[in-house]
J.: 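Structure below; questions to follow.
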Amino acid sequence: MTEMNDQLSLENYSPFEVEKKWQEKWESLEAFSPNPEDDGESFCVVIPPPNVTGSLHMGHAFNTALIDVVVRFQRLLGKNVLCLPGTDHASIAVQTILEKQLKSEGKTSEDIGRDEFLKRAWNWKEQSGGRIVSQLKRIGYSVDWTRERFTLDQKLNEAVIEAFNILYKKNLIYRGEYLVNWCPESQSAVSDLEVEMQEVNGHLWHFKYPLISESGEQLDKYLEVATTRPETLLGDTAVAVNPDDDRYKEFIGAKVKVPFVDREIPIIADSHVDKDFGTGCVKVTPAHDPNDFAIGKRHNLKQINVMNKDGTLNINAGIFQNLERYEARKKIIKELDNLGLLTKIEDYKHTVPFSDRGKVPIEPLLSTQWFLKMDGISQGCLNEIDSKKPSFIPPRWEKVYKDWLENINDWCISRQLWWGHQIPAWYVLDESQDSIEQNTPYIVARNEEDALIEANKKFGLNIKLVRDKDVLDTWFSSGLWPFSTLGWPNTNDPDFKKWYPNSVLVTGFDIIFFWVARMTMMGNTFTNNIPFKDVYIHGLVRDENNKKMSKSSGNGIDPILLIDKYGSDALRFALIREVAGAGQDIRLDFDRKKDTSSTVEASRNFANKLWNATKFVLINKTSNNNYSFNESDENSLELCDKWILSKLNQVNIKVTALLKEYKLGESAKLLYEFTWNDFCDWYVEFAKQRFNNKETKNRQISEKVLIKVLNDILVMIHPFMPHITEELWHVLQLKPDNALLSLQKWPIHENKFVDNKLDNSFQQLFEIIRLIRNLRSELGLKPSEKGPVYLISDNDELIDFLKTLVGDIQTLTKSSEVFIFKNNAVDKKEFAKSFSGIISDLEVYLPFQDFVNIDALKERLTKDLKKVTIELENLNKRLSNKNFVDKAPKDIVDECRFKLNEGSVQKERITKKLELLN
RNA sequence: GGGCGAUUAGCUCAGCGGUAGAGCGCCUGCCUUACAAGCAGGAUGUCCCUGGUUCGAACCCUGGAUCGCCCA
């Protein structure tokens with residue numbers, strides 16, 4: 001034996017060393033760094049880039065496990081696989097952290113300026129950026145680290161700038177003043193998607209506006225309005241009623257006066273006004289509400305912005321200037337009350353937009369921003385949906401994706417942040433001029449030099465350029481990820497040519513809009529191709545109480561903790577096998593007091609099983625020269641060899657097909673069951689008997705089959721549990737460290753060993769063995785208490801089959817001897833006092849006269865009789881139904897008849913046996 | 001308001017037209033040398049309710065209940 005063998009046979013399974021060893025090997029050998037020139041059909045996955053400064057959470061671990069199974073499987077199939085890793089700059093998240101750091105030093109970003117701020121940001125990225133990467137490595141990710149990308153890399157920045165320029169030239173990007181979602185916390189605009197609606201228990205304030213006469217005098221008549229946001233009244237520029245509302249028809253065209261600011265505003269009719277909301281009169285604040293903004297556009301109303309960017313009221317708010325928005329609300333209510341204008345306060349449940357990141361209410365605010373025109377771009381993707389580009393797995397997500405594309409609004413892509421891709425637009429100013437206005441001309445270009453040349457052409461030489469301060473929405477660069485990482489805009493890049501479009505995108509449903517749709521739209525626009533063929537959408541990992549894991553609720557389960565405890569192989573297998581359904585959310589069991597997870601533990605136990613099965617094979621190997629199983633051995637196979645090979649073939653065929661359809665959970669379960677319940681529980685037990693056998697030929701065959709089956713098990717489980725299988729494969733096959741299981745060939749079995757009849761025979765054998773064990777157990781026999789077993793049947797075929805396996809039956813049931821008789825060859829009376837059981841047409845007798853409790857035996861047989869009688873009744877009912885016999889498929893009917901027959905024999909035998917006992 | 005998912009053993013979930021499965025837990029025996037991270041045996045289900053289609057429904061279709069998610 002080699003040193004390796006000794007080690008393995010001595011030590012117990014300890015994931016930590018094994019995983020560390022192979023992770024280092026894979027990386028140092030650059031095992032997963034493919035060459036685009038190499039043969040093999042291309043297969044490419046780009047990973048969803050995690051926040052560069054973040055740390056690994058269970059969602060990453062789940063996503064990683066799924067992707068890695070897919071790419072490792074495809075690699076074993078012989079494809080030229082690229083799995084490209086990287087990280088994301090996460091504008092808002094990182095900027096927020098940095099601002100907090102500054103705040104703790106008593107500074108603001110404005111204090112230190114853009115350059116200094118970015119210097120700090122890059123430092124922070126360098127400092128914390130390694131963590132998520134090293135954590136991903138601990139999962140055993142088979143990605144190409146030599147191609148790792150970061151969304152702010154020089155090359156990726158060039159791609160972003162190119163993309164922006166192309167879109168601008170196509171007139172798809174515009175700049176203008178619109179009502180945007182303003183996050184007062186991060187002091188930036190955010191897109192519609194970054195707004196989360198939350199239901200809150202608020203109030204509906206009713207108050208009245210005095211009507212004024214045509215000459216401008218205040219009348220003693222009022223119009224009552226209702227609102228959830230009284231502070232916005234300072235920006236009201238109309239009151240609107242429904243034109244069909246008889247209550248207010250007479251007032252249309254009249255005017256009311258807004259208190260505090262003494263503004264006279266018209267009463268207008270707009271059919272969008274809901275007569276049943278509040279009083280049926282609504283105040284219209286075009287600068288602070290999306291609906292009002294639309295009404296304002298229809299009626300040409302003035303837009304009066306009353307708010308600053310930090311959420312305080314501005315100069316237009318008059319006496320309320322500088323108050324924070326909710327302070328202002330309180331004060332305005334009080335003042336309205338003082339004026340006698342407040343009429344009613346109702347409790348009111350309504351939805352309020354919250355900033356996804358800042359976790360504060362969004363302020364709809366008029367602001368000049370950059371937008372991407374979406375309708376044409378989304379239509380391009382909609383056109384591809386019917387041809388399954390991309391193809392969603394599971395398919396139900398296609399409708400979600402489609403609905404969103406159909407109802408899309410223009411995308412606000414500018415952010416008032418510094419950490420990110422700065423917008424490649426330069427404002428053209430007079431040399432003396434400093435401020436940028438809404439109508440300041442600008443040039444969009446690839447760099448400042450180009451911009452200057454163009455600006456000089458258009459505006460002469462006496463100008464200066466100032467670059468737009470804003471950065472792009474992080475998702476803008478994420479949308480380019482599938483091709484910017486492969487060299488685009490250089491479409492001749494070998495990587496781009498080989499691996500674009502990508503094969504599959506694997507991600508959670510929560511970012512279908514944020515990311516998946518942005519990628520399809522960007523991809524379709526820039527490469528005239530949907531960037532991936534398939535989209536595999538998985539669910540969320542929820543905690544042990546079925547709650548979404550989140551930082552804010554502090555219920556996250558640390559994947560690294562579970563890896564330390566059980567190993568990455570176990571965690572991966574648990575996530576995939578125990579819990580991964582068809583795109584369903586998964587729940588991970590976790591005991592917070594003990595830091596244990598029974599689901600992950602179960603998978604670790606499976607890994608241990610695999611380890612020990614290999615240990616068994618190694619201990620019993622008679623030679624260092626591996627026997628390789630080949631065709632000449634086929635004639636020497638025993639029945640149990642043929643049986644396990646039949647099972648292996650079937651599992652291989654099924655798992656191969658399942659994995660191609662991304663049915664990862666089902667594959668994992670099948671492999672688990674085959675390995676444990678067929679291979680370890682039965683085949684290894686058969687092999688033990690043969691290893692006691694002196695006959696070399698038989699022993700050799702057994703060894704060969706053991707190694708063959710174990711090898712294929714290791715290869716097939718490798719995508720799921722890459723480390724332990726890599727280790728075991730090496731010691732089993734005596735491979736040097738630079739040969740890798742990861743790069744071997746997936747076994748493809750022809751179905752030549754598939755033998756359903758044999759499977760059934762073995763199934764029957766197992767039932768018989770279980771019955772004998774059960775009888776022994778009921779007798780209370782200790783394993784050491786051996787005794788004879790009699791098997792009696794009329795079925796010649798069964799008798800022959802059992803006779804060839806008589807030795808195995810004996811050992812596996814701890815019997816002293818096993819006798820097999822034809823029914824008519826024995827006198828049943830001899831067995832009258834034996835403990836017995838009956839399976840179809842086979843009677844089993846254990847002649848332990850001294851132990852037998854006749855009442856217990858009777859009870860047992862009566863129970864069996866009852867069971868078989870019920871079954872027979874059901875079968876009879878079905879078979880006596882003419883419709884069933886006529887219409888049901890023949891094999892089903894035949895099966896029923898067979899079972900009826902079998903059951904009848906069993907019933908008859910049990911009855912006779914009972915008679916004998918009485 | 002619109003859409004989607006879930007409901008199966010004590011718990012977590014597979015199964016999705018031929019009469020119910022796994023893991024964990026539970027009960028009983030076993031240190032049978034690959035594995036106690038294990039072995040053997042066992043108990044446990046109106047497959048949410050309701051109609052309908054079908055020879056046959058946990059599975060397909062009506063309607064409903066409960067829980068959860070997404071969009072507005």
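Since the structure is predicted, the reported quantities are computational estimates derived from the model, not experimental observations. Excluded from the calculations below are hydrogen atoms, water molecules and symmetry mates; all remaining heavy atoms, backbone and side chain alike, are included.
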J.: Using whole Å, what does the distance between atom P of nucleotide C13(B) and atom CD1 of Ile576(A) come to?
T.: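 Roughly 17 Å, once rounded to whole Å.
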J.: Dot-bracket for RNA chain B, 5' to 3', with Watson-Crick and G-U pairs under 3.5 Å, [ ] for crossing pairs and | for other-strand pairs: what is it?
T.: ((((((((.[[[[.)..(..]]]].(((((.......))))).....[[.[[..)....]].]]))))))).
J.: Do the charged groups of Lys882(A) and Asp886(A) touch, with an N to O distance under 4.0 Å?
T.: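 Yes, charged N to carboxylate O under 4.0 Å.
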J.: State which of G23(B), C35(B), A40(B) makes the closest approach to the side chain of Ala602(A).
T.: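 Nearest nucleotide to the side chain: G23(B).
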J.: Please confirm whether the shortest side-chain N or O distance from Asn774(A) to OP1 or OP2 of G42(B) is below 4.0 Å.
T.: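 Checking G42(B) against Asn774(A), a side-chain N or O does come within under 4.0 Å of OP1 or OP2.
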J.: Would you indicate which nucleotide in U12(B), A34(B), C39(B) comes nearest to any side-chain atom of Asp681(A)?
T.: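 The answer is C39(B).
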J.: Just call it for Lys814(A): base, sugar-phosphate, or nothing, with non-hydrogen atoms closer than 4.0 Å on any strand.
T.: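 The residue Lys814(A) makes base contact.
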J.: Please state whether the rings of Tyr672(A) and Phe606(A) are parallel, tilted or perpendicular, taking 30° and 60° as the class boundaries.
T.: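 The rings of Tyr672(A) and Phe606(A) sit tilted, inter-plane angle from 30° to 60°.
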J.: Taking the nucleotide of RNA chain B with the nearest heavy atom to each, does Lys548(A) or Ser598(A) sit closer to the 5' end?
T.: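 So the residue in question is Ser598(A).
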J.: Report the distance from atom OH of Tyr672(A) to atom C1' of G21(B), rounded to the nearest whole Å.
T.: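 Checked: the OH to C1' distance equals 14 Å.
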J.: Just compare G18(B), C55(B), G38(B) and give me whichever is closest to any side-chain atom of Asn883(A).
T.: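 Side chain of Asn883(A) sits closest to C55(B).
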J.: Looking at Arg604(A) and A37(B), is any side-chain donor or acceptor paired with a base atom of the opposite kind under 3.5 Å?
T.: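 Looking at the base of A37(B), it does pair with a donor or acceptor on the side chain of Arg604(A) (distance under 3.5 Å).
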J.: Should the pair Tyr683(A) and Phe679(A) be assigned to parallel (<30°), tilted (30 to 60°) or perpendicular (>60°) ring geometry?
T.: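 Plane angle under 30°, so parallel.
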J.: Less than 4.0 angstrom between a side-chain N/O of Lys615(A) and OP1 or OP2 of A34(B), yes or no?
T.: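 For Lys615(A), the contact criterion (side-chain N or O under 4.0 Å from OP1 or OP2 of A34(B)) is not met.
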J.: So, OP1 or OP2 of A34(B): does either fall under 4.0 Å of a side-chain N or O from Lys688(A)?
T.: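 Yes.
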J.: Given A34(B), G41(B), C70(B), identify the nucleotide with an atom nearest to the side chain of Ile619(A).
T.: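 My answer, after comparing the listed nucleotides, is A34(B).
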J.: Taking atom CG of Asp274(A) and atom CG of Asp276(A), what is their separation to the nearest 0.5 Å?
T.: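 Output value for this atom pair is 5.0 Å.
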J.: As a test of reading the structure: which of G18(B), A14(B), G41(B) is closest to the side chain of Ser777(A), going by heavy atoms?
T.: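 Of G18(B), A14(B), G41(B), G41(B) is nearest to the side chain of Ser777(A).
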J.: Quick check: Trp397(A) with Phe392(A) (ring centres under 6.0 Å apart)?
T.: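 Judged by ring-centre distance (under 6.0 Å), Phe392(A) and Trp397(A) do not meet the cut-off.
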J.: Can you check the Leu812(A) CG to C39(B) P distance for me, whole Å?
T.: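 It is 14 Å, rounded to the nearest whole Å.
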J.: What's Glu196(A) touching, base or sugar-phosphate or nothing? Going by heavy atoms closer than 4.0 Å.
T.: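 Contact class for Glu196(A): none.
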J.: Please report the closest heavy-atom contact between His288(A) and Leu179(A), naming both atoms and the distance.
T.: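 Residues His288(A) and Leu179(A), closest heavy atoms: N-CD1, 4.1 Å.
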J.: Rounded at 0.5 Å granularity, tell me how far CE in Met721(A) sits from CD1 in Ile576(A).
T.: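 CD1 of Ile576(A) is found 9.5 Å from CE of Met721(A).
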J.: Is it true that Glu778(A) and Arg860(A) have a side-chain N and a carboxylate O under 4.0 angstrom from each other?
T.: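 Between Arg860(A) and Glu778(A) there is a salt bridge, with a charged N closer than 4.0 Å to a carboxylate O.
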J.: Indicate yes or no: does Asp641(A) engage Arg690(A) in a salt bridge with an N to O separation below 4.0 Å.
T.: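 Between Arg690(A) and Asp641(A) there is a salt bridge, with a charged N closer than 4.0 Å to a carboxylate O.
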J.: Find the distance Phe686(A):CZ to A34(B):P and express it as a whole number of Å.
T.: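 The distance from CZ of Phe686(A) to P of A34(B) comes to 17 Å, rounded to the nearest Å.
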J.: What is the distance from CG of Leu405(A) to P of C71(B), rounded to the nearest Å?
T.: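 Those two atoms, CG and P, are 14 Å apart.
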J.: Would Arg572(A) and Phe720(A) count as a cation-pi pair here, with the cationic atom under 6.0 angstrom from the ring centre and within 45° of the axis?
T.: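 Here Arg572(A) fails the 6.0 Å and 45° test against Phe720(A).
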J.: Separation of Leu728(A) atom CG from A34(B) atom P, in whole Å?
T.: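 My rounded result for the distance is 17 Å.
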J.: Would you mind classifying the nucleic acid contact of Phe606(A) as base, sugar-phosphate or nothing, using non-hydrogen atoms under 4.0 angstrom?
T.: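 Here Phe606(A) touches no strand at all.
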J.: In whole angstrom, give me the gap between the P atoms of G23(B) and A43(B).
T.: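 Comparing P positions in G23(B) and A43(B) gives a spacing of 15 Å.
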J.: Determine: side-chain N/O of Trp682(A) to OP1/OP2 of A40(B), distance under 4.0 Å, yes or no.
T.: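 Answer no for this pair, as no side-chain N or O of Trp682(A) is under 4.0 Å from OP1 or OP2.
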J.: How is Arg878(A) classified with respect to the nucleic acid when contacts are heavy atoms under 4.0 Å: base, sugar-phosphate, or nothing?
T.: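 The residue Arg878(A) makes base contact.
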J.: Among A22(B), G15(B), A40(B), find the nucleotide with the atom closest to the side chain of Arg577(A).
T.: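 Selected nucleotide (nearest to the side chain): A22(B).
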J.: Would you say Lys890(A) places a side-chain N or O within less than 4.0 Å of OP1 or OP2 belonging to G18(B)?
T.: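 The answer is no; no side-chain N or O of Lys890(A) sits under 4.0 Å from OP1 or OP2.
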J.: Is Glu363(A) paired with Arg229(A) through a side-chain N to carboxylate O contact shorter than 4.0 Å?
T.: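 Salt bridge present between Arg229(A) and Glu363(A).
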J.: If only side-chain N and O atoms of Arg587(A) are considered, is one of them under 4.0 Å from the OP1 or OP2 phosphate oxygen of C13(B)?
T.: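 Checking C13(B) against Arg587(A), a side-chain N or O does come within under 4.0 Å of OP1 or OP2.
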J.: In terms of side-chain geometry, is the basic nitrogen of Glu859(A) or Lys863(A) positioned less than 4.0 Å from the acidic oxygen of its partner?
T.: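 No, no charged N to carboxylate O under 4.0 Å.
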J.: For Val617(A), report the nucleic acid contact type (base, sugar-phosphate, nothing); a contact means any heavy atom under 4.0 Å.
T.: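 The answer is nothing, as Val617(A) stays clear of every strand by at least 4.0 Å.
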J.: Taking the side chain of Arg773(A) as its heavy atoms from C-beta onward, which of A43(B), A40(B), C69(B) lies nearest to it?
T.: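 Nucleotide nearest to Arg773(A)'s side chain: A40(B).
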J.: Under 4.0 Å, counting only non-hydrogen atoms across every strand here, what does Cys680(A) touch: a base, just sugar-phosphate, or nothing?
T.: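 The residue Cys680(A) makes base contact.
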J.: Using a heavy-atom cut-off of 4.0 Å across all strands, would you classify Asp589(A) as base, sugar-phosphate, or nothing?
T.: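 Since no nucleic acid heavy atom lies under 4.0 Å of Asp589(A), the category is nothing.
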J.: One character per nucleotide, please: for nucleotides 2-9 of chain B, 5' to 3', B when the base has a protein heavy atom closer than 4.0 Å, S when only the sugar-phosphate does, - otherwise.
T.: -SSSS---
J.: For Phe884(A) and A57(B), what is the distance between atoms CZ and P respectively, to the nearest whole Å?
T.: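 So the CZ-P distance, Phe884(A) to A57(B), works out to 12 Å.
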J.: Of the candidate nucleotides A37(B), G41(B), A34(B), which contains the atom at the shortest distance from the side chain of Asn612(A)?
T.: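 Out of A37(B), G41(B), A34(B), the nucleotide with an atom closest to Asn612(A)'s side chain is A34(B).
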J.: Would you mind telling me which of A37(B), G15(B), C70(B) lies closest to the side-chain atoms of Glu666(A)?
T.: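 Within the option list, the nearest is G15(B).
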J.: Quick one: Asp192(A) CG to A72(B) C1', roughly how many Å, whole number?
T.: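 Checked: the CG to C1' distance equals 12 Å.
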J.: A37(B), C30(B), G18(B): which one has an atom nearest the side-chain heavy atoms of Lys782(A)?
T.: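 Nearest to the side-chain atoms of Lys782(A), counting from C-beta on, is C30(B).
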